[in-house]
Asker: 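Attaching a single structure in structure tokens format; questions to follow.
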Amino acid sequence: MNVPEELFYTSDHEWVRPSESAVRVGITDFAQDSLGDIVFVELPTVGAAVTKGGALSEVESTKSVSEVYAPVSGKVVACNEQLRSAPELLNSDPYGDGWICTIEASDPAELKALLGPEEYRAVIDGQ
Amino acid sequence: MSAPGGRAASAPLMGRAAEPSLFDLSEPGRLSASFRTSGLPEWSLADLVPEEFRATEPVQLPEVAERDLVAHFTRLTHRQYSVDLGSYPLGSCTMKYNPKSCDAAASMPGFADVHPASPPSMIQGWLEVLVELEEALCAITGMAAATLQPAAGAAGELTGLMLMRAYHDHGGERRTRIIIPDTSHGTNPASVALAGYEITTVGTNERGSVDLRHLREVLGPDVAGMMLTNPNTLGLFEEEIVEVAAAVHDAGGLMYYDGANLNAILGVVRPGDMGFDIVHMNVHKTFATPHGGGGPGAGPVAVREGLKEFLPGPRPVRLLSGSFGFETPAHSIGRLHSWHGNALVLLRAWAYLRLNGADGLRSVSDVAVLNANWLKERLRGVYDAAYDRPVMHECVLSAEALQKETGLRALDVAKRLLELGFHAPTVYFPLIVHEALMIEPTETESPQTVAALAEALEQIANEARAAGSATDAKAAPRTTPVGRVDEARAARHLIATYDQRDDGAQG
């Protein structure tokens, strides 16, 4: 299972890529593999305020509908519009073209509380 | 040697060529029937329909002879799998065989040809059946009264939630949240959303039951109630149901029993005794209407004494005079159906209950539970039990270990099983079990058929283990009229209409 070194993670299988102004968010390789073929993604609204642990987006696969939780609190500043017509990008490139949205994080302390790759690997090994 | 179990692999399913559509079979001017000797007066369309409502071009409808029409649909039915063809262990759906005598009752002209607007004096027999059914359902569930109106299970859920709201509103309380377990059927959260409540999910403990500690944490004065099946969706009996109900009641909430799994407890234990206040029953499922594919069903909702005044109306009732009539409860939530419910489905349920009697119903549940437990034990070591304890009417197994070992997924097991002559079990549900195979043999399958089903499931696992791969199963099904479909593509690019202009290719 691919767990890139440069990213941060949540125990709910979201990944976070920090940058200067905002963080990019998606679901992990483990998450897409467990979900199976993804057929629909409900994207958050740009400008919406989100709270860490609250619902961010909904991902529907041929097996189930699952919520994606906001890994940090803040404001949604961009969404991956490509997912509307090509939800399969979440399966084929979860850490790249399959990103879900970017969030302007409001509390830097929340970023520090995220899991590192080693810690996240321990989470998926336990499942 | 014992008799061979019934497999449908010998069914005369037709070849793989696609059945043409009726549009493909159409020839201009060809007719199915002609009533030219009817002697009835003819009317011109122009006299009947004002010009602004008339189409300017004729609608393109298929034109086929009756003979070709019947052959078309008969060929399609030969490509279907059904409960009348063989075992249908689709977990959570209770796809039992339905006795033909119940269908015969529903075909009697005295029942089938009655208009629902007939005055009560002309339909006393019908009303007696409906009242007797209500009484029987109340006896089975331990409730005081029931409405027969809801059209099926999901309509029953909505009715139950509306009853909760009416009850709390009547007491001057405003409650906004409904608690459902993380194993619940998808209809539960959907009904909660439709009824305008918020959903709070409660977790499952290591024994596969509601996590009582978590439940106590999420309860509060804003909770209207909790929706639960028992046995739950893992096929397990909620051992702490009395404590669960007491906790919800202490918080002022009501307990809603989702009757999806009622087949396990008939004559054994009553939801009313477990502490439930509102109960829906899928009578098409537990009793005797062939179901699946969209209905019709019937979802009567029974309530305990204090909720009777809120039931939908008008309700068929036994009058003091001994005859039957209609009555609308004092604080009724109104109608849930344009008439009195799906009456012929209700009639089949009544016939089924009369056919079985109390002792027969008890044995329905005893055998359903026995079959599921036998199957679970027979497959020990082949698939893993999601929770290893005695199950009720269905068992949830997991193909997770097999998938890690050989790549064989629950979906592949399901598809390969079709080739071996059985309907597939439910897969990937409940959601908390990885690679779930949810198997409900039901009581109507003989020990030989349940054994043949187990043998087929074992064969599939053995094939993958022997080959060290799931390549063979991934090609399944190869013997059915339609092979492996691309479910993801079908969901991503849904085509739900037929467009003649584009020869059906787009829509």
Side-chain angles (χ1 to χ4, degrees), chain A residues 1-3 10-14 27-43 50-51 53-70 80-94 97-98 100 121-127, chain B residues 91-92 180 182-190 192-193 198-201 203 206 218 233 384 386 396 398-401 403-404 407-415 424-438 470 474 484-496:
Chain A
M1 214 57 71
N2 184 14
V3 180
T10 71
S11 53
D12 294 317
H13 312 290
E14 290 93 16
I27 62 169
T28 64
D29 190 27
F30 177 85
Q32 71 78 20
D33 186 65
S34 308
L35 289 167
D37 292 324
I38 290 160
V39 297
F40 182 74
V41 184
E42 192 180 270
L43 294 170
V50 294
T51 329
L56 178 68
S57 136
E58 216 169 64
V59 174
E60 184 179 343
S61 75
T62 50
K63 294 195 299 203
S64 66
V65 179
S66 307
E67 287 204 325
V68 177
Y69 301 105
N80 184 359
E81 294 293 331
Q82 254 194 305
L83 294 180
R84 291 190 202 278
S85 54
E88 57 270 26
L89 289 171
L90 276 180
N91 291 119
S92 59
D93 193 8
D97 289 345
I100 293 176
R121 267 187 212 107
V123 169
I124 57 178
D125 284 346
Q127 296 200 351
Chain B
S92 199
I180 52 177
D182 60 3
T183 54
S184 79
H185 292 101
T187 47
N188 289 175
V192 171
E198 286 160 36
I199 299 158
T200 298
T201 306
E206 68 287 349
V218 298
T233 302
D384 299 314
V396 179
S398 169
E400 194 182 10
Q403 193 233 324
K404 284 184 178 151
L408 186 77
R409 306 194 79 142
L411 182 71
D412 306 319
V413 176
K415 300 295 186 189
T426 296
V427 291
Y428 302 109
F429 182 75
L431 302 175
I432 60 169
V433 176
H434 295 293
E435 297 300 323
L437 292 159
M438 186 190 211
K474 287 197 187 298
R484 180 78 69 110
V485 292
D486 185 341
E487 292 174 26
R489 188 167 157 235
R492 285 171 188 152
H493 306 286
L494 183 67
I495 301 171

Asker: What residues of residues 81-93 of chain A make heavy-atom contacts with chain B at a cutoff under 4.5 angstrom?
Answerer: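 Answer by number: A/P87, A/E88, A/N91.
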Asker: Could I get the full list of ring-ring contact (aromatic ring centres under 6.0 Å, His included) partners for A/F30, not counting sequence neighbours?
Answerer: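 Expected list: A/H13.
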Asker: Within a reach of under 6.0 Å around OH of A/Y69, are more than 12 heavy atoms found that belong to other residues, nucleotides or ligands?
Answerer: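 Atom OH in A/Y69 is not packed in, count stays at 12 or less.
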Asker: Could you state the interatomic distance from NZ (A/K63) to CD (B/E487), rounded to the nearest 0.5 Å?
Answerer: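 Between A/K63 NZ and B/E487 CD, I get 11.0 Å after rounding to 0.5 Å.
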Asker: My understanding is that only residues two or more places apart in sequence, or in another chain, count here; which of them pass ring-ring contact (aromatic ring centres under 6.0 Å, His included) with B/H434?
Answerer: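 Once residues adjacent in sequence are excluded, B/H434 has no partner under the ring-ring contact (aromatic ring centres under 6.0 Å, His included) criterion.
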Asker: Please check if the side chain of A/N2 supplies one atom and the backbone of A/D29 the other of a donor-acceptor pair under 3.5 Å.
Answerer: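 No, A/N2 side chain to A/D29 backbone: no donor-acceptor pair under 3.5 Å.
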Asker: Of all residues at least two apart in sequence or in a different chain, which pass the salt bridge (charged side-chain N to carboxylate O under 4.0 Å, His left out) check with B/E435?
Answerer: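 For B/E435, the residues satisfying salt bridge (charged side-chain N to carboxylate O under 4.0 Å, His left out) (neighbours in sequence not counted) are B/R409.
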